[in-house]
Amino acid sequence: MKIRSIKFWATTLIVFMCIVTMSLFILLSYKNLNESLEQLYKKEAESVLMQTLLSFGYQFSTVENTLEQLSQSLLLLNNYAGSEDEIISVLEDYQKNSNVNGKIMYGLANGKFYRGEYKEIPSSYHAQEQLWYKLAMQNTEKVYWTEPYLDYVTQEIIITASKSVVGPKGMLGVIALDMNLQEISSQISNSKIGEDGLVLLLSRNGTILANRDNHLIGENLFGSQYSEMIKDSAENYVPYIVQNKEYLLRSHPIVQNDMSIVTAISKEEIIRTLIKRHQPILAIGLFCLLLFGVIAYFATLRGVRPLKKLGKLMVSVENGNYDVQANVKDYEEIERLANGFNSMIMSIKTRENQINHLASYDSLTGLLNRRSLQELLTESLENDDTEYLKAIIFVDLDNFKTVNDTLGHSFGDKLITEVAEKLNALSAKNKDVARISGDEFIVVIHELESVEQARTEVEAIIQQFDMPIEVESRILNITASVGVSLYPTHAITSEELLKLADMAMYEAKSYGKNGYRIFDEGMKKQLEEKFKIELGIRECLDNDDFELYFQPLFKPDEGRIASIEALLRTKTSALSNYNTFQIIQIAEMTGQIVEIDKWVLKQACKTIQEINRDREQPVRIAVNISTVHIMQQDFVYNIREIIEASGVCHDWIELEITETSLMQSFDLNKQKLEELQQLGISIHLDDFGTGYSSLSYLNSLPINHVKIDKSFVDGMLQSEKDGKFIETIINLAHTIGLQVVAEGVEHKEQFERLQSYNCELIQGYYISKPVSYEEIVILLENNLLPLPV
């Protein structure tokens, strides 16, 4: 069979189609079987998880009940002046008769120590020095469970549950119960998931306390990811690699002591089982492929026979025999050879349809594009003769640029596709969905009977974003800002309706995002004001019409101004009717804030360079940095380039950031700030106390100062509680190596109180209001302040 023959290519094509079909069949069966096996293993894992949870829950409850009963018995014995032998007898009775497999101990406050079973105790062993004793003395209201440790007496790895024994006259001692980890593991020796699955008991810090065959005992598999893994796996199965093997983890906390039970399904075992069960399907597939190949060959022979006849007739014509007539009505395709032109026309029409489709639909999502939506909406409005409403719903994803900047545009495209599917899945029957730009969508819902029905449909869209979206195994909590306009209530043309919905969407963003607004006339005025501010900002940047004012930060223990804060002001009439907060807010919405931050930092560097030119003690300058700027990929580059270009010392510069800016993409922002700290730049956490104020975050943040918000300073003198609160914040900051700035100080009493608390820097109108460059120079040269120093 020649390669250039129709018979060869027809047979090849049929065999290829058979291969594709069989491959798809095998792939689908593989996928379905894989899902079925995963579900089977997950059911087994859930069953084992609950059984193990009940078993350990019962055991730990028994331990705590035993300690509670024993503490009461010892307390009663103490009240009746029981002897040492009686104490030993009570402990031995509990040791023998208790259902708990562990060693009972009793350490008294006077230094004596008893065990429930006889074991010679080294003279160097003192119960009061043991962690279980100390923790129980600190937590007198509950039973405390230790992390695993090596028992000084038995040289076994154990965990200890301890409880303080408190009498009417005070603390008597601590009763404790040691549990051997190997004995704990024996309780789950028969618990398994498949052949290779794991069943683990983890301590509150992630250390493995129990596992089948004592495997992995004492190891910590998750490290710093432990809390996150336990939280995620408590809700869903989470993939994780244990000793270079892939597992699906599921967990459940133990109520009594914050430990956790974790089950792990082996992905490798699932794959092995899947391959084993799939082998018969592969064998059948190969047999069918061979059978179809033979059938395809003989079918091709039958199919090319008329073409051979036609070829022979053409040879006859070529040889001059024009009396032959071809009977080529066996196949439609042969007849169509005479109608090639019509076929060409049909082909051209097909291609035109494809071009029209590309011109009318979004290539990424398959939704309508802006042009086709506007045409469809215009036609719908022109032909509308009903009394129904139409809702034009403008959907804009919040912080989508951050996703693109941090995870890449390819990832962003996949996220857009997921969002398009969500919008297409809306329950509204008569709707059109379009993607009009990068992260902007339009949903048009027809035949609405009332505004309330429109609200219901919009709320359904908002609810679509309540559930996280999974893209490439990443879980994203994406929100959207939604604006709505109604036909014919607000406008009667498609262009106007889309414009008003756009306005309403921006209004929704200004109210904190993740919500919706229905258009009203007030929005027009607000949008016009926004455009005026935006143009005013552009004018100021182009004409250098911004200026800086400076407010000093006073250092009480040195009696001098140690730092000044640069504050933005404007000289142009275009922004004279707006305060700085409004200008900054609009600049953050439009992205102009990055240019403003750069301008402020450049001017601040020039200012501090001039101020410190002849000073023996240099003064620092603090610059506020926007959240939007921090989220930019080139943020660190911008800061470093401006400072190095100005020639100022890095340690003269202080950057003030807010808690909110850090919490967005925390790990990435933390890395950026650490890079700046390495350059010698000081980082201030502004408005501390008004945001997250998490102590765990505070201890890990790359910051040098915390700045107590004015709202706390205002209330400091109003009540002793508020004063103690600020004192506590200052002491806490000092404990973890941070300095404190108090802002908004307006009265002498506030200043003196903060000074008594050892607050390093004080700022506010009592020191000085924000002043111009000339005035701050005078203050710095003469140290002129409205207070005794």
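Note: Ile265 CD1 to Tyr237 OH = 4.5 Å, rounded to the nearest 0.5 Å. Here Ile726 contributes atom CD1 and Asn731 contributes atom CG; the two are 12.0 Å apart, rounded to the nearest 0.5 Å. Distance check: His705 NE2 to Ser682 OG gives 5.0 Å after rounding to the nearest 0.5 Å. One distance of note links CD of Gln739 with CG of Asn758; it measures 11.5 Å at 0.5 Å rounding. Remark: Asn180 CG to Ile159 CD1 distance equals 10.0 Å, nearest 0.5 Å. Atoms CG and CD1, on Leu476 and Ile469 in that order, are 7.0 Å from each other to the nearest 0.5 Å.
Counting only distance, with no hydrogens or angles, the side chain of Ser61 and the backbone of Gly57 share a donor-acceptor pair below 3.5 Å. Using modelled atom types, one side-chain atom of Lys422 and one backbone atom of Gln464 make a donor-acceptor pair closer than 3.5 Å. Here the side chain of Ser71 pairs a donor or acceptor atom with the backbone of Glu68 at under 3.5 angstrom. In this structure a side-chain-to-backbone donor-acceptor pair under 3.5 Å is present from Ser756 to Arg753. Proximity of a side-chain donor or acceptor of Thr658 to a complementary backbone N or O of Asp686 within less than 3.5 Å is not detected. Side chain of Glu269 to backbone of Gly194: no donor-acceptor contact under 3.5 angstrom is found. Judged by distance alone, the side chain of Gln677 and the main-chain N or O of Pro702 form a donor-acceptor pair under 3.5 Å. Proximity of a side-chain donor or acceptor of Asn704 to a complementary backbone N or O of Ile683 within less than 3.5 Å is detected. No donor-acceptor pair under 3.5 Å is formed between the side chain of Arg250 and the backbone N or O of Leu49. Ser203 places a side-chain N or O within 3.5 Å of a backbone atom of Asn205 that can act as its donor or acceptor partner.
Taking the side chain as every heavy atom from C-beta outward, Leu177 and Lys103 never approach each other to under 4.5 Å. Between Ile104 and Tyr114 there is no side-chain heavy-atom pair separated by less than 4.5 Å. Tyr144 has its side chain out of reach of Leu131: every pair of non-hydrogen atoms, C-beta onward, lies at least 4.5 Å apart. Between Tyr94 and Gln69, some side-chain heavy-atom pair lies under the 4.5 Å cut-off. Residues Ile703 and His684 have side chains not in contact (no heavy-atom distance under 4.5 Å, counting atoms from C-beta outward). Between Lys163 and Leu70 the shortest side-chain heavy-atom distance does not fall below 4.5 Å. The closest side-chain heavy-atom distance from Leu673 to Ile657 is below 4.5 Å. Met179 has its side chain out of reach of Ile158: every pair of non-hydrogen atoms, C-beta onward, lies at least 4.5 Å apart.
There is a side-chain donor-acceptor pair under 3.5 Å between Ser719 and Asp722. For the 3.5 Å distance criterion, the side chains of Glu760 and His734 qualify, holding a donor opposite an acceptor. A donor atom on one side chain and an acceptor atom on the other are found under 3.5 Å apart for Asp709 and Ser711. Between the side chains of Tyr247 and Glu268, no donor-acceptor pair of N or O atoms lies under 3.5 Å. Side-chain polar atoms of Thr160 and Asp178 form a donor-acceptor pair below 3.5 angstrom. Residues Gln51 and Ser47 bring a donor and an acceptor atom of their side chains to less than 3.5 Å of each other.
Here the shortest heavy-atom pairing between Ile630 and Lys672 reads O-NZ, 2.7 Å. Considering all non-hydrogen atoms of both residues, Gly744 and Asp714 come closest at O-OD1, 4.1 Å. For the residue pair Ala176 and Leu67, the shortest heavy atom distance occurs at C-CD2, 4.0 Å. Pairing each heavy atom of Val174 with each of Tyr106, the nearest pair is O-CD1, 3.3 Å. Contact between Leu198 and Ile193 at its shortest, heavy atoms only, is O-CD1, 3.8 Å. Taking every heavy atom of both residues into account, Cys759 and Ile762 meet most closely at SG-CG1, 4.4 Å.
Residue-environment remark: CD1 (Ile157) stays at or below the threshold of 12 foreign heavy atoms within 6.0 Å. Crowding of Glu246 atom CD: a count of heavy atoms from other residues, nucleotides or ligands under 6.0 Å not exceeding 12. Residue Arg272 places its CZ atom among more than 12 non-hydrogen atoms of other residues, nucleotides or ligands, all under 6.0 Å distant. Crowding of Glu472 atom CD: a count of heavy atoms from other residues, nucleotides or ligands under 6.0 Å exceeding 12. Shown here is Tyr149, whose OH atom has more than 12 heavy atoms of other residues, nucleotides or ligands within 6.0 Å. Around atom CD of Glu228, no more than 12 heavy atoms belonging to other residues, nucleotides or ligands sit under 6.0 Å away. More than 12 heavy atoms of other residues, nucleotides or ligands lie within 6.0 Å of CD in Glu35, so this atom counts as buried by the packing criterion.
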**OP:** Just do the ring-ring contact (aromatic ring centres under 6.0 Å, His included) check on Phe712 and Phe725 with the steps written out, would you?
**Re:** CA-CA 9 Å; Phe712 295 99; Phe725 180 73; 5.3 Å; yes
**OP:** Show your working on side-chain contact (heavy atoms from CB on, under 4.5 Å) between Val745 and Leu754 and close with a plain yes or no.
**Re:** CA-CA 9 Å; Val745 177; Leu754 289 166; 3.5 Å; yes
Original post:
What do the steps show when you test Leu202 against Tyr226 for side-chain contact (heavy atoms from CB on, under 4.5 Å), and what is the final call?
Top reply: CA-CA 10 Å; Leu202 305 184; Tyr226 172 69; 3.8 Å; yes
**OP:** Could you please spell out the steps behind the salt bridge (charged side-chain N to carboxylate O under 4.0 Å, His left out) verdict for Glu38 and Lys267?
**Re:** CA-CA 9 Å; Glu38 277 198 8; Lys267 291 283 288 184; 3.2 Å; yes
**OP:** Quick one: do Ser164 and Met171 satisfy side-chain contact (heavy atoms from CB on, under 4.5 Å)? Show the steps, please.
**Re:** CA-CA 7 Å; Ser164 59; Met171 188 72 67; 3.6 Å; yes
**OP:** Could you please spell out the steps behind the side-chain contact (heavy atoms from CB on, under 4.5 Å) verdict for Leu717 and Gln750?
**Re:** CA-CA 7 Å; Leu717 300 178; Gln750 293 172 331; 3.7 Å; yes
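Using the six-membered ring where Trp is involved, Phe222 and Tyr240 have ring planes that are perpendicular, over 60° apart on the 30 and 60° scheme.
Taking the six-membered ring for Trp and the full ring otherwise, the centers of Phe60 and Trp145 sit less than 6.0 Å from each other.
The pair Asp196-Lys245 does not meet the salt-bridge criterion, since no charged nitrogen lies less than 4.0 angstrom from a carboxylate oxygen. Salt bridge Lys724/Glu727: present, at least one basic N to carboxylate O contact under 4.0 Å. Using a 4.0 Å cut-off between charged nitrogen and carboxylate oxygen, Lys707 and Glu654 do not count as a salt-bridge pair.
Taking the ring-ring contact (aromatic ring centres under 6.0 Å, His included) definition, one finds that Phe635 meets it with His629, sequence neighbours left out.
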